[in-house]
Amino acid sequence: MPRYGCGYPRGSDLSDDLIMTTANKVTATLDAVVVGAGFSGLYMLHRLRGIGLATRVFEAGSGVGGTWFWNRYPGARVDIESQEYAYSFSPELEEEWRWSERYASQAELLKYVNHVADRFDLRRDVQLDTRVTGAAFDEATNRWTVTTDRGDVVSARFCIMATGCLSVPKDIDIAGAARFKGATYRTSRWPHEGVDFTGMTVAVIGTGSSGIQSIPEIAKQAKHVTVFQRTPNFSLPAQNHAADAAKFADWKKNRHAYRAHARSQGFGVLIIDQHERNLADFTPSQRRQEMERRWKTGGFALGGSFADLVTNESANDEAADFVRERIREIVKNPAVADTLSPTNHPLFTKRPCVDTGYYDTFNRSNVSLVDLTKTPIETITETGVKTTGANYDVDAIVYAIGFDAMTGALNAIDIRGRRGETLKAKWSGGPKTYLGLMVAGFPNLFMVTGPGSPSVLSNMMLSIEQHVDWITACLAYLGDRQLGVIEATQAAENDWVAHGNEVAATTLYPRANSWYMGANVPGKPRVFLPYIGGVPMYREKIEHVAANGYEGFALATV
Ligand code: NA7
């Protein structure tokens with residue numbers, strides 16, 4: 001069992017008697033603080049308990065679930081098949097849970113994560129409604145002092161940021177938004193009681209995944225929906241359906257083999273099933289057949305059509321043309337189909353969307369599309385949206401404008417490492433990490449699926465479990481050797497950042513103004529944020545690092 005000399009009993013029973021109230025200030029001394037109680041934070045807590053660390057999780061929301069707690073907009077659902085977008089660490093959990101659809105809805109995912117919290121008795125170490133505001137490293141004690149908006153001041157040996165890649169909504173960067181007198185909604189902060197749009201005129205701004213999933217559902221209720229599109233996105237049909245009992249039974253029987261196969265895939269997602277052959281290795285009719293088969297399979301399957309789809313412009317064009325053809329086939333009005341067809345970025349270089357009935361929604365008489373590249377929004381008015389072309393008076397505006405991805409949640413906390421250097425200052429030119437796990441100058445601070453790791457370019461569940469398992473093994477290693485400090489070396493970080501940039505430059509990704517590039521947030525440095533070297537290559541690297549006594553990290557006693 002590792003021991004860090006925190007002075008409190010080992011084990012998972014961190015109870016309130018460990019928390020002392022002094023002069024209205026709640027303080028506690030812990031082994032570890034975890035920030036965030038989404039899928040990663042909860043699993044992190046479970047594993048840290050397993051190695052005997054006194055741990056507390058702080059969560060800003062009033063419930064667990066992270067992404068699936070906040071994003072309750074109509075139509076919200078996962079775009080990785082349900083059984084794959086689920087924890088693999090507990091065979092019993094996998095055995096007993098029954099998914100009701102191929103792609104689980106937000107409501108079902110939230111039920112699942114709550115079930116996990118109860119099943120593993122996690123709630124007693126999770127403090128809800130508490131936002132972590134600061135974390136400062138004390139070089140004298142080698143401990144982190146973590147502060148919250150509720151006045152907690154907590155000392156912890158380790159601080160683990162399980163803050164999510166898409167958890168901080170982008171500020172509304174449209175003039176006049178506060179003037180609107182009707183109802184305003186954000187997809188990422190949807191009212192828990194739901195919204196009834198019956199009889200209402202609604203403006204939806206934004207056509208990323210959140211817009212594309214919610215627009216068909218809002219259109220079924222509202223009197224009229226006007227969609228304000230700045231950049232058309234590629235969207236692939238989910239082909240969602242009710243749970244297929246035989247398929248789930250097969251999964252349960254062969255889950256180890258399926259999971260291992262997923263880990264051997266570049267994106268760590270089974271359905272992508274990346275073809276080993278490049279575009280040039282196919283005849284034109286074979287290409288066509290392959291893409292048609294994959295379109296029918298649904299979800300991200302099309303992305304695996306050719307091995308060189310995200311590195312070779314011709315391969316990408318072929319698949320992008322195929323999607324544009326499907327759009328023209330579905331959307332009856334050719335001018336609308338044209339406006340919905342992406343032409344300014346290669347397929348998959350902006351996060352592709354997976355939809356149910358999105359394009360077909362534009363055949364409805366109560367839906368219209370405004371092309372903001374032709375008539376940009378001038379301002380929001382008291383009554384609606386004013387573009388350079390017209391005024392659109394509406395009862396409600398739905399903002400589906402995205403997130404300050406990957407760095408937003410970390411930069412929102414005042415994180416101070418050695419010599420008081422802030423993470424925000426260190427990252428002013430873009431995030432710098434070693435393996436997306438740690439940052440030089442910030443000892444004992446870990447990130448789950450941080451920038452510089454495959455994270456959003458993989459099945460998040462796979463990457464979350466991989467990081468949490470790696471961090472747990474690392475802390476056990478330190479404890480076993482009476483070590484209490486681990487820090488990425490500057491040299492290892494420099495090499496990893498250079499490698500990440502090099503790999504990204506061999507792909508088509510940097511061509512898009514995407515949130516992967518930080519391009520969606522005004523003023524954010526333009527840097528490719530996740531790691532695109534692929535899940536197997538990344539796994540090999542971090543396993544090698546651990547097997548070699550945490551190569552690239554400096555380890556020390558307390
Ligand atoms: P996204 O994918 O970032 O989409 C945001 C959308 O909002 C996108 O179409 C943006 O257009 C649009 N947008 C953003 N700001 C504006 C302004 N100021 N005016 C007009 N339109 C704007 O966020 P989502 O929430 O849909 O999805 C995020 C991820 O969640 C998704 O990728 C999945 O991983 C799950 P732009 O493309 O920037 O021109």
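Order of appearance sets the numbers: ligands from 1, and atoms from 1 within every ligand.
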Let me check something: any side-chain donor-acceptor pairs from residues 294-306 under 3.5 Å, sequence neighbours excluded? List them with distances.
unit_1: R294; atom_1: NE; unit_2: E290; atom_2: OE2; d: 2.8
unit_1: R294; atom_1: NH1; unit_2: I272; atom_2: O; d: 2.9
unit_1: R294; atom_1: NH1; unit_2: A301; atom_2: O; d: 2.7
unit_1: R294; atom_1: NH2; unit_2: D273; atom_2: O; d: 2.9
unit_1: R294; atom_1: NH2; unit_2: E290; atom_2: OE2; d: 3.2
unit_1: R294; atom_1: NH2; unit_2: G304; atom_2: O; d: 3.3
unit_1: T297; atom_1: OG1; unit_2: R293; atom_2: O; d: 3.0
unit_1: S305; atom_1: OG; unit_2: L302; atom_2: O; d: 2.6

Legend entry - Nearest non-hydrogen protein atom, atom 3 (O) of ligand 1: W515 CD1, 3.4 Å
Inset, instruction - Would you tell me which option among G402, P169, P522, A400 has the nearest heavy-atom contact to atom 6 (C) of ligand 1? - result: A400
Inset, instruction - Going by heavy-atom distance to atom 19 (N) of ligand 1, choose the closest among V354, N344, I174. - result: I174
Atom pairs and distances, side-chain donor-acceptor, residues 337-349, under 3.5 Å, sequence neighbours left out:
unit_1: T339; atom_1: OG1; unit_2: A335; atom_2: O; d: 3.0
unit_1: S341; atom_1: OG; unit_2: A337; atom_2: O; d: 2.7
unit_1: T349; atom_1: OG1; unit_2: P346; atom_2: O; d: 2.6

Legend entry - Straight-line distance of R230 CZ to I377 CD1, nearest 0.5 Å: 8.5 Å
Legend entry - Contact check: K170 vs ligand 1, nitrogen or oxygen atoms, below 3.5 angstrom: yes
Inset, instruction - Verify whether one side chain among E465 and S88 offers a donor that lies under 3.5 Å from an acceptor in the other. - result: yes
Inset, instruction - Could you check whether the rings of F197 and Y185 sit parallel, tilted or perpendicular, using 30° and 60° as the cut-offs? - result: perpendicular
Legend entry - Numbered atoms and elements of ligand 1 in range of S210, under 4.0 angstrom, heavy atoms: 24 (P), 25 (O), 26 (O), 27 (O)
Inset, instruction - Give a yes/no verdict on a cation-pi contact between R189 and W70, requiring under 6.0 Å between NZ or CZ and the six-membered ring centre and an angle within 45° of the axis. - result: yes
Inset, instruction - Name the closest protein heavy atom to atom 17 (C) of ligand 1, giving the residue it belongs to and the distance to 0.1 Å. - result: R230 NH1, 3.5 Å
Inset, instruction - Test Y531 against H499 for side-chain hydrogen bond (donor to acceptor under 3.5 Å, both in side chains), laying out the working first. - result: CA-CA 9 Å; Y531 175 66; H499 168 66; 2.6 Å; yes
Inset, instruction - Compare L372, T231, D404 and give the one whose heavy atom is closest to atom 36 (P) of ligand 1. - result: T231
Inset, instruction - Pull out every atom of ligand 1 sitting under 4.0 Å from any heavy atom of I205, numbered as shown with elements. - result: 20 (C), 21 (N)
Legend entry - Minimum-distance protein heavy atom relative to atom 18 (N) of ligand 1: D173 OD1, 2.8 Å
Inset, instruction - Establish, for the pair R364 and F362, whether the NZ or CZ atom is under 6.0 angstrom from the six-membered ring centre and no further than 45 degrees off its axis. - result: no
Inset, instruction - To the nearest 0.5 Å, tell me how far W427 CH2 sits from I415 CD1. - result: 7.5 Å
Inset, instruction - Answer yes or no: is there an ion pair linking E313 with R511, defined by an N-O contact shorter than 4.0 Å? - result: yes
Legend entry - Nearest-0.5 Å distance that lies between atom OG1 in T506 and atom CG in N312: 12.0 Å
Legend entry - ligand 1 atoms in contact with G208 (distance to a heavy atom under 4.0 Å): 2 (O), 4 (O), 6 (C), 8 (C), 9 (O), 26 (O)
Inset, instruction - Give the residue, atom name and distance (to 0.1 Å) of the protein heavy atom nearest atom 33 (C) of ligand 1. - result: S209 OG, 3.6 Å
Legend entry - I172, portion touching ligand 1 at heavy-atom distance under 4.0 Å: neither
Inset, instruction - Do me a favour and list the nearest non-hydrogen protein atom to atom 9 (O) of ligand 1 with residue, atom name and distance? - result: T207 N, 2.9 Å
Inset, instruction - Run the contact test for T187 against ligand 1 with a 4.0 Å cut-off on heavy atoms, strictly below, and give the result. - result: no
Legend entry - Top protein contact for atom 32 (O) of ligand 1, by heavy-atom distance: R351 CG, 3.0 Å
Inset, instruction - Please confirm whether L166 comes under 4.0 Å of ligand 1, counting heavy atoms of the residue only. - result: yes
Legend entry - Residue and atom name of the nearest protein heavy atom (relative to atom 12 (C) of ligand 1), distance in Å to one decimal: G206 CA, 3.7 Å
Legend entry - K350 touching ligand 1 at heavy-atom level, < 4.0 angstrom: yes
